Every structure is written in C-alpha cells, then in structure tokens.
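What follows is a set of notes on a single structure, which appears directly below.
Small disclaimer: the values here were computed from a predicted structure and weren't measured. In what follows, chains are A, B, ... by sequence order, proteins preceding strands, each numbered from 1.
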2 protein chains.
Amino acid sequence: MQRKSFEDLTCPIARSLERVGEWWSILILRDAFHGMTRFDQFQKSLDIAPNMLTRRLTALVEAGLMEKRQYSERPPRYEYVLTDRGRDFREVMLALLAWGNRQFAPEGPSVQLVDTQTGLPADLMLVDRVSGKPAISRDFRLVPGPAADEGVRQRYATKAKPAA
Amino acid sequence: MQRKSFEDLTCPIARSLERVGEWWSILILRDAFHGMTRFDQFQKSLDIAPNMLTRRLTALVEAGLMEKRQYSERPPRYEYVLTDRGRDFREVMLALLAWGNRQFAPEGPSVQLVDTQTGLPADLMLVDRVSGKPAISRDFRLVPGPAADEGVRQRYATKAKPAA
DNA sequence: CAGTATCCTGTCCGATACTG
DNA sequence: CAGTATCGGACAGGATACTG
C-alpha cells in the first residue's frame with residue numbers, strides 16, 4: 001500500500017518532504033547547485049542507474065524545482081536547470097550540510113562553505129530577518145497559521161512544553 | 001539490491017541523509033521538537049503503523065538523534081527524548097519549514113514560527129556568524145575541506161560555474 | 001550523448017493480531 | 001500503555017541491454 005499520500009496535509013514539513021523526500025532528489029539538487037545540468041554529468045557524479053536518474057529528474061521537474069530545457073535542435077538535447085523554487089532550496093541544503101559537518105565529521109569537514117573574500121569558513125545559523133534574533137531563541141514558537149486545518153491545530157494545541 | 005551504502009562517503013549531505021533520509025524520521029523529529037516523548041503520542045499524531053514507528057525510533061536512537069530512557073520501573077516504561085545532536089537538527093527543520101511555506105503555501109502558511117515577544121511571524125534566513133553575510137551571498141563557495149576524499153575533490157573541481 | 005525498456009530485489013510502509 | 005509478530009503490497013533503486 002506504500003506511503004499514504006500527504007498532498008492534502010497542510011504541514012509545511014510534510015509538504016516539503018513530498019517534493020524532496022526521496023533519497024536521490026537532494027543529491028541531484030546538490031549537484032545542480034554545483035553547476036551540473038546534463039544527464040551524464042549527474043550520472044557520473046552520483047553513480048546512479050540511468051532509469052532512476054530519469055525518474056528523479058522527472059519528479060523534480062514535476063515538482064517545479066527543475067526545468068527541462070532544450071539546448072540543441074539537431075540533435076535534440078536537453079538540460080536540467082534549477083528554477084527559482086529549486087534555487088530557494090539552497091538554504092535547506094546548506095543547513096543540512098552544516099548540520100552534517102557539525103555532527104558527523106570528527107576529522108573535520110570534507111566539504112565546507114567558505115567566504116571567498118576572506119578565505120574563512122562560514123559558520124551558519126538561521127536568524128529572523130525581522131528581529132535579527134537566532135531562530136533557536138526561546139522567543140520563537142511554532143503556531144498554527146491562517147491556513148491551518150484541524151490536524152495541525154490539534155498537534156500544536158498540546159500542553160506539552162516544547163523541547164529546547 | 002537497494003541503495004548502496006554511503007556510510008563511507010564523505011559528502012556531508014549524503015551523510016546527513018543517511019540519518020534522516022527516511023520519510024518518517026523527520027516527521028518524528030518534528031513532533032519530538034514539539035515536546036512529544038512517548039510511543040503513543042507519536043503514533044496518534046502521525047497515524048503511523050506501530051511496527052514502522054518502532055523501526056524509525058530505533059534508527060533515530062542508533063543514529064544518536066534520540067535517546068531511549070526508562071522513566072518507570074514497574075511497569076517498565078520508556079520515553080524517547082532528543083539528544084544534543086537531535087536538537088541541533090532543529091535548524092534544518094526550520095529551514096525546511098520556511099522553504100515549504102514560501103513555495104507551497106499560496107493561501108498562507110498553516111504553521112509558522114512567531115516571535116512571542118512581538119507576535120510577528122519570523123522570516124528566516126541563513127547567515128554566516130563570522131561575517132554576518134547571508135549564506136546565499138555570491139561570496140560563498142563550497143570547497144573541499146581537510147577531510148575530502150577523491151570523489152569530493154573531483155566533484156568540486158568542475159569548471160562549471162555554480163548556479164546562482 | 002541522452003536517455004528508454006525490462007527485469008529483479010530490497011525494504012519502506014500499512015494492516016492486523018497479539019502480549020505483559 | 002508500549003510495543004512485538006506476521007503478512008502482503010507498492011515502489012525505490014540496481015543491473016543490463018538497447019536506441020537515435
């Protein structure tokens with residue numbers, strides 16, 4: 001029966017996972033951020049079976065994260081480029097990368113983000129543009145928004161106090 | 001043959017995905033951040049089959065993101081709490097949430113982070129603690145770190161110019 | 001080069017029944 | 001309450017062969 005469809009769910013995390021929840025999807029996006037656009041570039045880099053690559057690329061295109069563009073008439077050739085929506089995913093990827101480096105790289109990072117102006121590695125944190133406070137500040141709380149449905153309201157109505 | 005094991009890979013994104021790549025894992029963490037600790041709390045909230053919940057919880061414990069703690073002797077009762085490593089994942093989750101709200105919530109967010117001091121919804125962005133610049137600034141570039149292996153170096157040695 | 005077409009396997013996941 | 005046990009289905013993913 002496989003996973004239930006969560007398309008109707010309003011939780012933004014679940015909705016995001018609908019689009020990028022498959023394992024390869026994020027790695028394909030990672031390579032796309034690195035400038036790759038062509039089928040065989042992805043295939044070589046990822047060492048992925050070609051049919052799987054086709055499936056994932058198609059899914060990413062359908063989700064609006066990438067766009068398939070013809071860059072040659074004869075022979076017909078296509079490339080896959082990030083859309084605005086896909087490019088916006090960069091922050092999530094960098095957050096994931098930073099977390100991985102902090103937690104699973106005892107011998108130092110294998111890939112890191114550096115400031116090309118100074119040469120210093122970046123130390124990323126999420127902040128609120130409005131107040132300037134870090135997102136992990138205790139001042140912030142997740143609450144149901146205007147489009148919340150019953151399920152969401154129930155989950156966020158628990159008396160349990162949120163973990164730090 | 002299922003997915004190859006990527007445990008030996010040094011890419012921090014792949015390494016992160018090893019731990020939280022399964023669909024339910026992140027949703028369990030989401031609920032844990034919301035203060036849930038007990039088996040049946042997760043089960044009711046997620047509407048997940050009990051055997052799957054056991055599997056995912058066990059995996060999260062093995063990955064060091066959660067800890068199984070006995071909170072009652074007779075009868076023996078356990079609870080699942082976030083470890084430091086698990087709590088550190090909060091930034092990734094919030095980044096995912098913010099992306100989902102930006103991209104897939106035309107009718108407004110269903111869940112949002114608000115500043116309890118001001119009542120204003122947060123507008124999250126990743127910034128570098130060192131320079132204060134946003135992570136999406138063009139000044140930043142991903143480069144191989146001290147622990148990079150051949151595969152990583154090759155991927156990051158392409159002449160292709162990174163996508164914006 | 002850029003895929004499509006088959007076939008196969010592992011496992012994620014759901015459903016249900018059961019237990020101390 | 002907090003799970004374990006068992007069953008079965010759907011699909012992610014791999015391997016390989018083939019095409020314009």
Report the distance from atom CG of Leu53(B) to atom C1' of dG14(C), rounded to the nearest whole Å. 13 Å
Met52(A) has an atom CE; how far is it from atom C1' of dT11(C), in whole Å? 14 Å
Just how far is it from atom CG of Asp149(B) to atom CZ of Arg153(B), taken to the nearest 0.5 Å? 8.0 Å
All salt bridge (Lys or Arg N to Asp or Glu O under 4.0 Å) counterparts of Arg102(B), not counting sequence neighbours: Asp88(A)
Would you write out the dot-bracket form of DNA chain D, 5' to 3', with Watson-Crick and G-U pairs under 3.5 Å, [ ] for crossing pairs, | for pairs to other strands and . for unpaired bases? ||||||||||||||||||||
Check the side chains of Asn51(A) and Thr54(A) for a donor-acceptor pair under 3.5 angstrom, ignoring hydrogens and angles. no
Short side-chain to backbone donor-acceptor contact, Ser16(B) and Leu96(A), under 3.5 Å: yes
OP1, OP2 of dG14(C) versus side-chain N and O of Trp24(B): anything below 4.0 Å? yes
Would you tabulate the pairs of protein nitrogen or oxygen atoms and nucleotide nitrogen or oxygen atoms of nucleotides 3-5 of chain D closer than 3.5 angstrom?
| residue | atom | partner | partner atom | Å |
| --- | --- | --- | --- | --- |
| dG3(D) | OP1 | Tyr80(B) | OH | 3.4 |
| dT4(D) | OP2 | Thr54(B) | OG1 | 3.1 |

Using whole Å, report how far CD of Glu22(B) lies from P of dG10(C). 17 Å
Starting at CZ of Arg56(B) and ending at P of dG14(C), how long is that distance when rounded to a whole Å? 11 Å
Here the pair of heavy atoms bringing Leu29(B) nearest to Leu82(B) is CD2-CD2, 3.7 Å
Given atom CZ of Phe42(B) and atom P of dC1(D), what is their separation to the nearest angstrom? 15 Å
Roughly how many Å is it from CG in Asp40(A) to P in dA2(C), rounded to a whole number? 5 Å
Can you tell me the distance, in whole Å, between the CD atom of Glu18(B) and the C1' atom of dC12(C)? 15 Å
Counting only side-chain heavy atoms from C-beta out, which of dG14(C), dG13(D), dC1(D) sits nearest to Tyr71(B)? dC1(D)
Looking at the side chain of Arg77(B), which of dC1(D), dC13(C), dG13(D) is the nearest nucleotide? dC1(D)
For Tyr71(B) and Arg38(B), which I'm curious about, is there any donor-acceptor pair between the side chains at under 3.5 Å? yes
Within one Ile-Leu-Val-Met-Phe-Trp-Tyr cluster: Ile13(B) and Leu113(A), side-chain cutoff 4.5 Å: yes
Checking Glu22(B) side chain against Trp24(B) main chain: does a donor-acceptor pair fall under 3.5 Å? no
If you measure only the distance, is there a donor-acceptor pair under 3.5 Å linking the side chains of Asp139(B) and Thr116(A)? no
When rounded to whole Å, the CZ to C1' distance for the pair Arg55(B) and dG14(C) reads 11 Å
